[in-house]
Amino acid sequence: MSLTEGPCYTIINSQDSEPYNEMQLKQDLEKGDTGVKIETLKKVIQLLLNGERLPGLLMTIMRFVLPLQNHTIKKLLLIYWEIVPKTSPDGKLLQEMILVCDAYRKDLQHPNEFLRGSTLRFLCKLKEPELLEPLMPAIRACLEHRHSYVRRNAVLAIFTIYKNFEWLVPDGPELIANFLDTQQDMSCKRNAFLMLLHADQERALNYLASCLDQVNNFGDILQLVIVELIYKVCHANPAERSRFIRCIYNLLNSSSNAVRYEAAGTLITLSTAPTAIKAAASCYIELIIKESDNNVKLIVLDRLIAMKENENMERVMQDLVMDILRVLAAPDIEVRRKTLNLAMDLVSSRNIEELVLVLKKEVSKTHNIEHEDTGKYRQLLVRTLHTCCIKFPDVAATVIPVLVEFLSDTNELAATDVLIFIREAIQKFNHLRALIIEKLIESFPAMKSVKVHRAALWILGEYAQSGKDILQVFDVVSQTLGDVPIVEAEQKKLLGEQTEEEEKKNVGSVPSNKVTSDGTYATQSAFSVAPAPLKEKRPPLRQYFMDGDFFVGTTLAATLTKLVLRYIDLEPNEQKHNRLCTSAMLTMSSILHLGKSGFPTKPITNDDIDRIFLCLKTLSERTPGIVEIFKDSCREALASMLTAQNEEENQVHREKQKAAAKVQADDPVMFAQLTSGRNDQLGENVFESSLNQALAGTKSTALSDVASPISKLNKVTQLTGFSDPVYSEAYVHVNQYDIVLDVLIVNQTSDTLQNCTLELATLGDLKLVERPHPVVLAPHDFCNIKANVKVSSTENGIIFGNIVYDAGTVSNCVVLNTIHIDIMDYIMPASCNDTEFRRMWQEFEWENKVAVNTTLTDLHEYLKHLLHSTNMKCLTPEKALSGQCGFMAANMYARSIFGEDALANLSIEKSVENPNAPVIGHIRIRAKSQGMALSLGDKINLTQKGPQNKIISAF
């Protein structure tokens, strides 16, 4: 129930709100048969939950319903006695409850074990010691019942009574300790040990010490409580660690995965010894491999990643890299991605060769398996091998032949990533250039993508150094381009000229017999059959040109120009110079002729024509400045770009190292109530923090943010005024797929408010899960009501409503302030590479163009303001944005907690002549869903209307 904070095991949903007649209810309870009494009792319970008092029915139920032995009625009565008002207005216990107490005692002595156990569970929820005191002998007697269900609930009842009213059972710990020594049932042992854990830890420790050798034979529910006890005792008294840490080691081999998980987490908090860390990490790895649930795999992987962030643990875990790679057998791509990232963070020069061997095997496995995530996994393996080679150059020679095989793969993403790696490797590793060029020339004819061919041509043109390599490149280009001139060859095919082989085939054709519809035979010759239209199979480069893609032609022209210029420097024979130069110029002119001939599906563009003409002019005139650009400047530009990328990665790495928690001698003492910073997950509050995180229900929320009172205060929204008869405020907690409203309602009047109901409605893509139940508020009383709102997509939403209550005979209404659900609660900064950004930009169909309307006069200030207000990350490097030129273009990216992507392109400018002129331009937002694009645009427009200078001053 949302109206009370006490424990409740039953939630009853009222389907209707029909007016009731108390006299009719009495008559049904007195004279109805068993079925009628059951239905009437259900109505009475629903009315009580809705705030009705119904004092006149109490004696009727005692006289006519309580004596019945029907099990359904017994269950309903337990709910009724739990919620019925048991005290008079002055706070004293009603006299009638003495009769109820006698009924409890009889049920505790009932021969049916289910009735006894249910009654004992019900007694755990009673808060009146006057009712419990006469029942204590019967409760104690239930400890010796033959059935374990009764005994374990008796222990729970004694535990609850001892916790709330210790004077009713002063010898509770001693009683339960004696009970524990004689029990064999694991559920009874677990409940008894749990009570000793919270009531008398010394007795619990004594029992545990007496049976340390038998812990492995206990049930998992008892083992979990033992782990919790050892954790708490060892943190409170570190001297006890040596006494019980062996028990934790043994529990790592438990048959229960839950016990092993908790034992591993406890072990690394109790000990930082290398053997303990290795045992815990090995246990986590075994759990990931054996557990089939992907969510469990991800949770345990997060624990391993948290261990890796600790420097002392990271050194020990480096020896477990090969064990971690066993997790790659899981089919889930997210599990594989986290595993590879973790392995790359831990790999060292000692085991890099073994890691590369495993990755090679994984690459070979992907060739024969077609799965929806196979392409993504190949791309992941390529990037991992790329990182291996950059971090450990010694393995590059063994990795490159494996990766070059991907160039002929149909998966364009993996092949593109391979070329990005080859481009970086051939620039950094001079001793591998000959090997890379050789492998690239071998695989060039088998490439299947125009992007892959284009990038491969650029690499070959830039790094083919020797005369032999240059001639091989010309040969392979001629092989993949076909006969030149291209137009003449295509015209011959169009006119139907046949080769000698085709003529031989036609001459050697034999007439075939064909059965007609009437059963007779007819002769059929190849000359009488119309030729089936077959698609011409052309060489790859020629096919690109015929499809209208002449951009690869400009790359080919630039590549041939570079090779010819380099060959002239290498070869002294002028005749060979001219032969190679004319071959290249013939190819370029043939491409230009084809582009204007009408054969391709799309004609060549003017830009492509200009670039090819530039290459032709360079070869014919050989101007020194242009030749220098072709021969050297392109490679220098690549070197500068790779250097900038490395600097950016090193900067990110340094920032991560700065964020690492290091405790100095003069550091101040941190109090959890006064700080909202992230604490180490492996610290002393692991049980409390994990519980808080489970209650919050979101994986992306930091543990400290969940538990921090400061973060909660920032999310409180005032719903009514301080002078309203009912004051209300709400704490808005955004989970992954729902919003929890924890609404505080305070009665500021001197009257009792009947049927106080919180009525809510939503606007946008929000849905109220259930209507909150009405409550009764005493004078100056308060209560908390929780309401769940489901969220199905990332867009702005509004929650509005009112509070309706009855004061006497008058119904009143207080209108609530609206709660605006901000899209920024769902959006997190994210990063992606340029290729992924362009691909998503082409795929996303919803675009929102927002005009820049600001008073800011600096381009960089506006960019910072935009990033701050939209939670997006700028993908354009800082160096590309540096300087003042009056214009700025930047790409931004963010991802929602629902997995939705949001892209933005900023194009702004300002007048160079007037330094005080405001920034103008526009922002283009693209998203897969309409709501995401519109909501992000609305957020930008809203922030542009606000005081932007205040936001900028924070930077």
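Residue numbers start at 1 and run along the sequence shown.
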Next on the checklist: Could you go through Glu314 and Lys308, starting from their C-alpha distance and side-chain angles, then the distance that decides it, and tell me whether this counts as salt bridge (Lys or Arg N to Asp or Glu O under 4.0 Å)?
Outcome noted: CA-CA 5 Å; Glu314 183 178 8; Lys308 182 262 302 178; over 6 Å; no
Any carboxylate oxygen within less than 4.0 angstrom of a Lys/Arg side-chain nitrogen, looking at [X] and [Y]?
| X | Y | answer |
| --- | --- | --- |
| Arg326 | Glu286 | yes |
| Glu900 | Lys928 | no |
| Glu334 | Arg337 | yes |
| Asp302 | Lys338 | yes |
| Arg383 | Glu836 | yes |

Next on the checklist: Run Val404 and Ile422 through side-chain contact (heavy atoms from CB on, under 4.5 Å) and show every step you take.
Outcome noted: CA-CA 9 Å; Val404 169; Ile422 288 177; 4.0 Å; yes
Shortest non-hydrogen separation from [X] to [Y] and the atoms involved:
| X | Y | value |
| --- | --- | --- |
| Leu432 | Ala397 | CD2-CB, 3.8 Å |
| Met892 | Phe837 | O-CE1, 3.5 Å |
| Val452 | Leu419 | O-CD1, 3.3 Å |
| Leu270 | Tyr231 | CD2-O, 4.4 Å |
| Gly265 | Arg303 | CA-NH2, 4.0 Å |
| Leu320 | Ala281 | CD1-CB, 3.5 Å |

Examine distances only and state if a side-chain atom of [X] and a backbone atom of [Y] form a donor-acceptor pair shorter than 3.5 Å.
| X | Y | value |
| --- | --- | --- |
| Arg336 | Leu328 | yes |
| Arg538 | Gln543 | no |
| Ser271 | Ile268 | no |
| Tyr249 | Ala276 | yes |

Checklist entry - With sequence neighbours left out, what residues match Asn257 under side chain to side chain donor-acceptor pair (under 3.5 Å)? => result Glu291
Checklist outcome for this item: Applying side chain to side chain donor-acceptor pair (under 3.5 Å) to Asn905 and not counting sequence neighbours gives Asn891, Ser907
Item to check | Donor + acceptor pair across side chains of Tyr463, Gln427 (<3.5 Å) | outcome: yes
Item to check | Ser348 versus Gln318, side-chain donor and acceptor atoms under 3.5 Å | outcome: no
Item to check | salt bridge (Lys or Arg N to Asp or Glu O under 4.0 Å) assessment of Arg350 paired with Asp319 | outcome: CA-CA 9 Å; Arg350 299 194 308 272; Asp319 297 331; 2.9 Å; yes
Next on the checklist: Please evaluate residues Val356 and Glu353 with respect to the criterion side-chain contact (heavy atoms from CB on, under 4.5 Å), reporting the C-alpha separation (whole Å), side-chain torsions for both, the decisive distance (0.1 Å), and the verdict.
Outcome noted: CA-CA 5 Å; Val356 170; Glu353 293 183 359; 5.7 Å; no
Item to check | Asp417 and its side chain to side chain donor-acceptor pair (under 3.5 Å) partner, picked from His386, Arg378, Gln379 | outcome: Gln379
Item to check | Check against side-chain contact (heavy atoms from CB on, under 4.5 Å), Leu301 and Thr339 | outcome: CA-CA 7 Å; Leu301 268 173; Thr339 303; 3.7 Å; yes
Using side-chain heavy atoms (C-beta onward) and a distance below 4.5 Å, is [X] in contact with [Y]?
| X | Y | value |
| --- | --- | --- |
| Arg895 | Cys832 | no |
| Ile245 | Ser242 | no |
| Ile230 | Cys247 | yes |
| Cys388 | Met344 | yes |
| Leu638 | Trp458 | yes |
| Ile420 | Arg423 | yes |
| Thr272 | Asn312 | no |
| Leu340 | Leu381 | yes |

Item to check | Step-by-step salt bridge (Lys or Arg N to Asp or Glu O under 4.0 Å) determination, Glu424 to Lys428 | outcome: CA-CA 6 Å; Glu424 185 172 357; Lys428 288 187 175 182; 2.9 Å; yes
Next on the checklist: Does Val395 form a side-chain contact (heavy atoms from CB on, under 4.5 Å) with Thr398? I'd like the steps, not just the answer.
Outcome noted: CA-CA 6 Å; Val395 300; Thr398 60; 4.2 Å; yes
Within this structure, what is the [atom1]-[atom2] distance for the pair [X] and [Y], rounded to the nearest 0.5 Å?
| X | Y | atom1 | atom2 | answer |
| --- | --- | --- | --- | --- |
| Ile436 | Ile441 | CD1 | CD1 | 12.0 Å |
| Cys389 | Ile352 | SG | CD1 | 8.0 Å |
| Ile437 | Gln465 | CD1 | CD | 8.0 Å |
| Leu304 | Ile299 | CG | CD1 | 12.5 Å |

Checklist entry - Does NZ in Lys448 sit with more than 12 non-hydrogen atoms of other residues, nucleotides or ligands closer than 6.0 Å? => result yes
Side-chain donor-acceptor contacts of residues 468-480 below 3.5 Å, not counting sequence neighbours, with atom names and distances?
residue, atom, partner, partner atom, Å
Asp469, OD2, Ser466, OG, 3.1
Thr480, OG1, Val476, O, 3.0
Thr480, OG1, Val477, O, 3.2

Checklist entry - Are Phe551 and Tyr544 close enough that their ring centres sit under 6.0 Å apart? => result no
Checklist entry - Knowing that exactly one of Val300, Val296, Ile324 qualifies, which makes a side chain to side chain contact (heavy atoms under 4.5 Å, CB included) with Ile288? => result Val300
